[in-house]
Amino acid sequence: MAVGLFLPFVALGAAASSLAPPQFTALPLGEIRPTAWLYDQLVVQTDGVAGHMHEFYDLVKNTDWWGGDSYYSYLEEAGSYWFNAMVPNSVLVNNTELILKTYDFLEYVLDHQDETGWLGPEVGTEKPRFLWGRYPFFFGAIQLVEVDPSLTDRVVDAMHRFVKVANKMLKRGEGVDDWAATRWEDLLYDNHPEGQEELLVDTMILLKWTGAPWETIFAEEYFPTVAVETLENPFGQELFWHGVNMAEGMKALPATYRFTHNASGASFSADCVPCSNSTADLDAASKGWDLMAFGADEMLSGLAAARGSELCLVVELMFSGSYLYQVSGDLKYADRVERVTYVGTPIFQQQNQIAAKNMTPNPFPEDGSESNIFGLEPNYPCCTVNFPQGWPKFITNAFVTTPDRTSLVHVYLGPFHVSTILAGVETQYPFSDVLVTTVTATKPFMYYVRIPSWITGGSFALDDEPPETLKPLEGLLGIYITPGKRRITLALPSPISIESRPNSSVAIHRGPLNYAFDIERTETVIKTDPREAHAVDLQLDPVGAWQYAIDPSTAKYHYDSRSESNALPSPIWESGRPPVSISVLACLIDWPLAGDTFPADPPEDPECVGEEKIIALTPYGATKLRISEFPVFKSKGLRGSKEISAPDAATHDYVPTEKDIHRLRNLFFSTIDIPSEIIEIIVDMAEYWPSVHSERFLDVAVKSEGRQGSPYPMAEWCYLVSPRVPSHARSVKAVTIQTESCDQGWGGEPEHRGTRNGSWTWFEAAIIRLDDDSVPWWVSEVENNLPVDLYREGLERSLEERNAAVSCEVPSPTWIVHDVHGERRAWTTEDPKDIDNDIPPGHRHARGIYGREADFVDLMQGGDRVALLVMAKFPLWTNHVRQASITVQYSI
């Protein structure tokens with residue numbers, strides 16, 4: 001660490017010339033580096049607009065900060081925003097070209113500092129001079145000094161010269177306007193006071209007196225409970241309710257404590273309403289979002305799911321939250337930052353967003369009608385130049401030390417390498433629950449790992465020792481590290497959490513991730529920047545249904561453990577890429593629009609207008625159009641599984657029970673002297689057999705990825721399992737499987753359309769045999785709950801469990817039935833003529849829809865069950881199942 005001008009300040013009282021120490025100290029830039037998917041994410045950002053703005057984007061390429069004439073505001077923040085972000089970005093990906101650009105920027109600004117001490121694009125001009133634009137520049141300069149200590153003297157000298165002129169300006173009432181008054185909190189020294197402590201503190205006092213009273217603004221009694229466009233600001237300044245200003249202003253609260261040495265200042269951790277740990281703590285007054293940020297499409301916008309927030313707000317909230325944690329040591333701020341990062345940084349717009357296009361009418365009072373389009377600069381340019389700081393600042397604050405630098409704390413979980421003590425963290429978190437940290441130490445020290453509040457249970461193991469239950473102290477797990485190379489394995493499971501949202505809706509979380517329904521979309525290029533062909537504006541339109549209510553009690557987490565042995569796909573924050581998802585029962589409802597491009601509030605107490613079906617929820621950051629705040633309905637139950645015991649005259653032939661069979665036999669014996677062998681022949685000829693029956697009415701889309709590199713070469717779901725054939729059954733006489741299904745409606749050879757030939761969606765049947773009362777995990781799940789994705793969910797199981805599941809299936813000759821190819825309408829299959837009999841031998845599962853006195857049936861015996869498997873193979877082939885039933889008839 002090298003220089004000074006660091007974060008905010010707020011309260012008053014007797015000031016001291018020294019600062020109260022923080023609980024933790026950040027490491028210098030470059031000592032923490034991203035690895036695995038996190039490194040790839042930073043490379044993706046660098047290869048995109050962030051790393052190429054200096055080549056074509058006028059506000060950077062020709063910024064007046066380094067001799068050009070381009071700027072968008074008298075605050076002069078465009079160039080300094082870019083510099084603040086690109087210094088850590090370029091260093092962390094070791095991009096020489098970008099590193100040299102940041103050096104050029106720094107040298108130009110320092111070379112042109114005037115004799116008064118002022119620096120920036122106003123030098124030598126008649127432009128008004130406001131302090132705000134300097135702060136991002138100083139943040140960037142400090143980071144360069146951390147990487148290159150040879151710059152220390154020059155940068156420290158320039159900063160002290162600037163503080164002197166700033167102090168004089170503040171005493172004359174200059175340097176601050178309405179905007180700058182909200183962003184005063186970034187001036188604070190930590191290093192190199194050079195004997196100027198009194199001047200530095202006096203400057204902070206002046207800034208505080210001329211700045212926004214953040215400790216009062218954040219008080220619950222003043223914090224607005226609705227969108228503020230209809231309210232009068234009690235402070236007479238609407239910019240105090242500006243979302244980005246507020247995100248930056250949160251740094252003011254911990255800085256006040258450090259400035260005043262007032263222990264009661266630590267109460268900022270309880271008093272900061274929008275900083276609260278979870279939206280459940282905020283109640284109605286807090287207006288926290290389920291993304292752990294707060295709604296502000298420019299100004300505070302309440303909790304409406306169709307309103308949004310700026311990416312600027314997200315990255316500034318991440319930075320402020322890191323400082324809040326480092327000063328206070330309160331884990332709730334670290335929890336919030338991690339969630340904001342892993343949810344909001346990949347993409348952050350509207351909770352419920354069904355389109356990205358020109359909005360008519362416009363729901364955003366302060367933003368343009370194209371403000372939610374994906375593009376270079378569809379609305380305000382500040383987010384374009386400021387967003388790149390998000391990932392780099394998160395990485396640089398992922399580890400901290402105690403002030404005496406004797407202990408290392410792993411704050412933000414993810415894949416990192418730390419050069420301080422040669423610590424490497426291998427993980428796919430937040431896409432995995434396991435972290436493996438390798439530490440090489442030359443002397444003993446305490447290593448701490450933050451255990452997030454959402455973790456339930458969990459364990460850690462040191463080297464090859466047996467795992468121990470996690471017992472963190474105030475959220476930190478302490479591990480004593482001895483010299484040498486040590487390995488720490490952490491297992492951090494977390495349950496699905498259901499959060500109540502406005503209008504009786506819910507949001508679904510697991511760990512730090514929020515899960516959303518990814519709406520199918522089309523992308524249309526509506527604008528291409530003439531200076532850079534890759535810089536395009538995209539219009540996104542929905543092409544699939546999105547009006548779903550869910551039954552949150554049916555939510556189930558899915559994880560593909562196969563991803564642990566392979567690199568995650570790049571970019572990971574893209575539709576279909578994350579190896580995690582949550583399935584939930586849903587149904588279509590009447591959900592109107594509030595405008596042409598955004599939905600109304602989620603309906604309360606909705607009624608289903610379509611059949612219940614399973615939908616998949618994916619991490620919010622991997623969606624571009626989404627629903628993440630859902631109306632709620634109660635599933636009525638989707639299946640029956642029973643021994644049929646009564647006739648249904650309206651729709652079915654009479655189905656005898658076992659009692660009926662006994663009565664029939666007694667009747668023959670008592671009235672006609674017929675040998676028992678003849679009675680059994682009569683019963684069989686009449687197919688007068690008892691049966692067990694199972695049925696399910698549930699839409700499931702079984703979709704094959706099947707592309708190169710995919711962990712799923714095909715799709716295989718268990719849709720339905722029959723009840724067990726009674727153990728006293730003498731033999732199984734017939735198995736009837738009825739399905740209603742269709743494929744995706746396209747693909748394959750034209751001559752096969754309308755037939756079952758050439759189709760790569762089909763059904764299989766498996767005989768399930770149990771030697772004891774134990775029930776394989778997937779059989780029990782399907783019988784008692786919902787269909788199971790065998791490819792994905794099977795990977796969560798141990799090898800023993802998987803072997804046990806396979807061993808309970810009886811290898812048998814196969815029948816198969818394919819969907820009618822190229823038909824989007826559902827077909828019912830129940831006639832024996834639909835069977836394909838030319839299946840090659842050696843298939844693991846029995847296949848078919850109907851069998852009597854055939855190999856499949858002959859193999860069955862008392863105690864068996866029949867499982868119906870839904871299959872699809874090759875990219876995008878999809879088996880849409882609407883309903884199915886299994887009937888097993890047997891003799892006694």
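Heads up: numbering here begins at 1 and tracks the sequence.
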In short, A78 meets Y72 closest at the heavy-atom pair CB-CE2, 3.3 Å

Closest non-hydrogen atom pair, V337 against S322: CG2-N, 3.7 Å

Does a side-chain N-to-carboxylate-O contact under 4.0 Å join [X] and [Y]?
X: D114; Y: R161; answer: no
X: E76; Y: K127; answer: yes
X: E248; Y: R183; answer: yes
X: E107; Y: R154; answer: no
X: K208; Y: E215; answer: yes

W132 side chain vs G175 backbone, donor-acceptor pair below 3.5 Å: no

Please answer whether the main-chain N or O of M250 pairs with a side-chain N or O of S320 as donor and acceptor at a distance below 3.5 Å. no

[X] and [Y]: aromatic ring centres closer than 6.0 Å?
X: F162; Y: W118; value: yes
X: W66; Y: H112; value: no
X: F130; Y: W179; value: no

How far apart are the C-alpha atoms of Q389 and E316, what are their side-chain angles, what is the distance that settles it, and do they pass the side chain to side chain contact (heavy atoms under 4.5 Å, CB included) test? CA-CA 9 Å; Q389 73 161 301; E316 294 293 353; 3.1 Å; yes

May I ask you to check if K332 and Y325 form a cation-pi contact, with NZ or CZ under 6.0 angstrom from the six-membered ring centre and within 45° of the axis? no

Check for me whether K393 meets the cation-pi criterion with F139, that is, NZ or CZ under 6.0 Å from the six-membered ring centre and within 45 degrees of the ring axis. yes

State the [atom1]-[atom2] distance between [X] and [Y], to the nearest 0.5 angstrom.
X: S90; Y: L29; atom1: OG; atom2: CG; value: 8.0 Å
X: L27; Y: I32; atom1: CG; atom2: CD1; value: 4.5 Å
X: E174; Y: L170; atom1: CD; atom2: CG; value: 9.0 Å

Going by atom types only, do [X] and [Y] share a side-chain donor-acceptor pair under 3.5 Å?
X: S419; Y: E31; answer: no
X: E194; Y: H160; answer: no
X: N397; Y: Y323; answer: no
X: N62; Y: D69; answer: no
X: Q326; Y: Y333; answer: no
X: T182; Y: N245; answer: yes
X: N386; Y: E77; answer: no

Might you work through the ring pair (Phe, Tyr, Trp, His ring centres under 6.0 Å) test for Y108 and W65, ending with a clear yes or no? CA-CA 8 Å; Y108 184 92; W65 272 86; 9.7 Å; no

Taking the side chain as every heavy atom from C-beta outward, state whether L75 and D177 have any atom pair closer than 4.5 Å. yes

Does any non-hydrogen side-chain atom of E310 lie less than 4.5 Å from one of V314? no

Going by side chain to side chain contact (heavy atoms under 4.5 Å, CB included), name the residues that satisfy it together with [X], two or more places apart in sequence or in a different chain.
X: T402; answer: F24, D404, T406, S407
X: E97; answer: H54, E55, N95
X: N233; answer: F235, F240, W241

What orientation do F399 and H410 show, parallel under 30°, tilted 30 to 60°, or perpendicular over 60°? parallel

side-chain hydrogen bond (donor to acceptor under 3.5 Å, both in side chains) between N89 and T46, worked out: CA-CA 7 Å; N89 191 326; T46 308; 2.8 Å; yes

